[in-house]
Visitor: 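Here it is, the structure, as structure tokens.
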Amino acid sequence: MIEVAKRLHTVEEYYFSRKLREVGEMIASGKPVINLGIGSPDLQPPQKVIEAITNSLGDATAHKYQSYQGLPELREAISLFYKEHFSVNVSPVNEILPLMGSKEGIMHISMAYLNEGDEVLIPNPGYPTYQSVTKLVGAKPVFYNLDAKNNWLPDIDALQKLDLSKVKLMWVNYPHMPTGAQPSTIAFKSLIAFAKRNNILIVNDNPYSFVLNDNPTSILSIEGAKEVCLELNSLSKTFNMAGWRVGMVLGDSAQIKNILKVKSNMDSGMFYGIQKGAIEALKCSKMWYVTLNSVYKERRDLIWKLAEALGCTYDENATGMFVWAKLPEHLKSEAFIDKVLKESNVFITPGTIFGSQGEGYIRFSLCASTEDIQECIARVS
Ligand SMILES: Cc1ncc(COP(=O)(O)O)c(C=O)c1O
């Protein structure tokens, strides 16, 4: 028997990996399960993106190893995208590193900055990968609670009271998944001041800016942010390109260089055609965002009805690709979603997979057709 590395004992199989197996078994046994759990966009990417990858396949360098830093035109397109949508200047030369999705950036940043025993501030509720990657690199998660009463924004006074002597990194994620909470300029400014006071690197994970959100914001738009902040972004949700695996990390050139040191030892560049498609996506006009959001808006209206049919409440001002709904008092998230799955063949994510602060909440994905959502309403009613 070959022993696995100790780090493997620090993490469990991803919740969705386990639960979707169960859902798969239900479907195989003839149950018509509708999946409102996972946030994998079902809509098509822009047509010109598909044309760009298709047309690129005959290019002379299409099938070679690519640059570790991505094509210069891709970094140029990312720089223009940040200027246009966030009014942020990032140099295409050394302040941008294209990634294969923003998820891998979480590992690269952690490997670049964390030693065993370092502590990492992680939002509760929050994206589970921050915690698992922290554990995989031997660092220690320190959860900070987010709360509806504080609009799911960090309580800086409470953070400042913690022993921060070992804290090196803090994950923030605005617009926030799973709650859809928006950042405020004041919140970002206090976070940056907190990071400077305590010598902590803040990473804002920002893949949901363009979904049902009138005010896309980057933490890098705050003066002085680059001294202590990095930002991750992604084409997965904005352009329905989750399977393409295109993301980016942006920030000060010295930090980008450190992350490149890790990444260049792990992969050998992003496929050329994917980069060509990504460049076209980043150049999309305003019309793309309007059309995308009109579909999500229609779906969200229906999901709100579904939430009401299940006795839940929700925040109409929340943004993003999910609806975060509060269960009636005293109901437990996992028992509730299991009941709905069993009785109505509708799969919804329990809030607890995002942390203990998710107890009493459930998360609906907007990645399902209006017909499917209507069917869910009929079933639970
Ligand atoms: C908060 C958050 N960050 C990052 C990711 C990863 O996105 P990707 O790697 O597709 O860019 C997700 C995906 O669901 C997410 O919800």
Side-chain angles (χ1 to χ4, degrees), residues 14-17 19-20 35-43 45 49 70 74 78 81 96-110 120-134 141 143 146 152 154 169-183 202-213 216-219 230-250 259 263 266-267 270 274-275 277-278 281-282 296 318-324 349 351 353-355 357-358 361 363-367:
Y14 203 53
Y15 172 84
F16 281 118
S17 165
K19 198 70 186 176
L20 291 177
N35 188 348
L36 298 180
I38 200 133
S40 180
D42 56 317
L43 301 166
V49 167
L74 175 58
I78 293 172
F81 178 80
I96 295 170
L97 182 61
L99 301 172
M100 295 178 204
S102 56
K103 190 171 182 177
E104 71 156 23
I106 299 171
M107 177 58 91
H108 293 144
I109 294 168
S110 300
V120 181
L121 292 170
I122 294 177
N124 174 10
Y127 185 45
T129 302
Y130 309 137
Q131 177 187 174
S132 46
V133 165
T134 299
F143 295 100
L146 303 176
W152 306 100
L169 188 68
M170 175 176 187
W171 291 101
V172 300
N173 159 225
Y174 291 101
H176 184 238
M177 196 292 297
T179 67
Q182 282 269 44
I202 289 193
V203 188
N204 184 40
D205 183 17
N206 189 8
Y208 293 101
S209 260
F210 297 95
V211 184
L212 295 173
N213 179 16
T217 308
S218 161
I219 200 164
L230 289 167
E231 184 155 278
L232 287 170
N233 212 318
S234 163
L235 275 59
S236 294
K237 324 287 165 154
T238 308
F239 300 107
N240 303 327
M241 292 167 69
W244 283 56
R245 313 308 303 132
V246 189
M248 64 204 80
V249 55
L250 312 103
I259 300 163
K263 185 170 158 62
M266 294 185 73
D267 67 64
M270 193 191 302
I274 289 181
Q275 297 192 62
L282 292 160
Y296 280 132
T319 65
M321 229 174 59
F322 304 98
V323 169
W324 180 244
T349 307
I353 75 157
F354 306 107
Q357 289 289 102
Y361 288 87
R363 190 197 75 171
F364 299 89
S365 162
L366 300 182
C367 300

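Hydrogens, waters and symmetry mates are skipped; everything else that's a heavy atom, side chains included, is used. Residue numbers run from 1 in the order of the sequence given. First listed ligand is number 1; within each ligand, the first listed atom is number 1.
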Visitor: When you measure from atom 7 (O) of ligand 1 to every protein heavy atom, which one gives the shortest distance, and what is it?
Guide: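 It is Ser102 OG, 3.3 Å.
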Visitor: Please list, in number order, the atoms of ligand 1 under 4.0 Å from a heavy atom of Asn173.
Guide: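 What qualifies from ligand 1 is 1 (C).
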Visitor: Does Gly39 have a heavy atom less than 4.0 Å from any atom of ligand 1?
Guide: no
Visitor: Regarding Asn204 and Glu231, do their side chains bring together a donor and an acceptor under 3.5 Å, going by distance alone?
Guide: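 Checked: Asn204/Glu231 side chains pair up, N/O donor to acceptor below 3.5 Å.
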Visitor: Determine, using ring centers only, whether Phe210 and Phe81 are less than 6.0 Å apart.
Guide: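 Between Phe210 and Phe81, which both carry aromatic rings, the centre distance is below 6.0 Å.
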Visitor: Between Pro175 and Asn206, is any pair of side-chain heavy atoms under 4.5 Å apart?
Guide: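 They are in side-chain contact.
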Visitor: Do NZ/NE/NH1/NH2 and the carboxylate oxygens of Lys263 and Glu104 come within less than 4.0 Å?
Guide: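 A salt bridge links Lys263 with Glu104.
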Visitor: Under 4.0 Å from a heavy atom of Met177: which atoms of ligand 1 are those, numbered in the order shown and with their elements?
Guide: 1 (C), 16 (O)
Visitor: Begin with the C-alpha distance, continue with both residues' side-chain angles, and end with the deciding distance and a verdict on ring pair (Phe, Tyr, Trp, His ring centres under 6.0 Å) for Trp152 and Tyr361.
Guide: CA-CA 13 Å; Trp152 306 100; Tyr361 288 87; 5.5 Å; yes
Visitor: Applying side chain to side chain contact (heavy atoms under 4.5 Å, CB included) to Phe354 and Thr179, what does each step give before you reach the verdict?
Guide: CA-CA 10 Å; Phe354 306 107; Thr179 67; over 6 Å; no
Visitor: Under 4.0 Å from a heavy atom of Ser234: give me the atoms of ligand 1 that qualify, with their elements.
Guide: 8 (P), 11 (O)
Visitor: Has ligand 1 got any nitrogen or oxygen that is less than 3.5 angstrom from a nitrogen or oxygen of Tyr127?
Guide: no
Visitor: Which residue supplies the protein heavy atom nearest to atom 15 (C) of ligand 1, what is that atom called, and how far is it?
Guide: Tyr208 OH, 3.5 Å
Visitor: Of all the non-hydrogen atoms in the protein, which one sits nearest to atom 10 (O) of ligand 1, and at what distance?
Guide: Ser236 OG, 2.6 Å
Visitor: Suppose we measure from atom 14 (O) of ligand 1 to each protein heavy atom; which comes out shortest, and what is that distance?
Guide: Lys237 NZ, 2.9 Å
Visitor: For ligand 1, which is the ligand I care about here, please tell me if Tyr130 has any N or O atom under 3.5 Å from one of the ligand's N or O atoms.
Guide: no
Visitor: Parallel, tilted or perpendicular: which fits the ring planes of Tyr174 and His176, with parallel below 30° and perpendicular above 60°?
Guide: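 Answer is tilted, since the angle falls between 30° and 60°.
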Visitor: What are the atoms of ligand 1, with element, lying closer than 4.0 Å to any heavy atom of Gly101?
Guide: 9 (O), 11 (O)
Visitor: Among all protein heavy atoms, pick the one closest to atom 9 (O) of ligand 1 and tell me residue, atom and distance.
Guide: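 Its nearest protein heavy-atom neighbour is Arg245 NH2, 2.7 Å.
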Visitor: Starting from atom 3 (N) of ligand 1, find the nearest protein heavy-atom neighbour and note its residue, name and distance.
Guide: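 It is Asp205 OD2, 2.5 Å.
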Visitor: For Lys103, which part has a heavy atom under 4.0 Å from ligand 1: side chain, backbone, both, or neither?
Guide: both
Visitor: Report yes if some N/O of Glu104 lies less than 3.5 Å from some N/O of ligand 1; otherwise report no.
Guide: no
Visitor: Is the closest side-chain heavy-atom distance between Phe239 and Val246 below 4.5 Å?
Guide: no
Visitor: Between Leu235 and Leu282, is the side chain to side chain contact (heavy atoms under 4.5 Å, CB included) condition met? List the steps.
Guide: CA-CA 8 Å; Leu235 275 59; Leu282 292 160; 4.0 Å; yes
Visitor: Are any non-hydrogen side-chain atoms of Arg245 and Ile274 less than 4.5 angstrom apart?
Guide: no
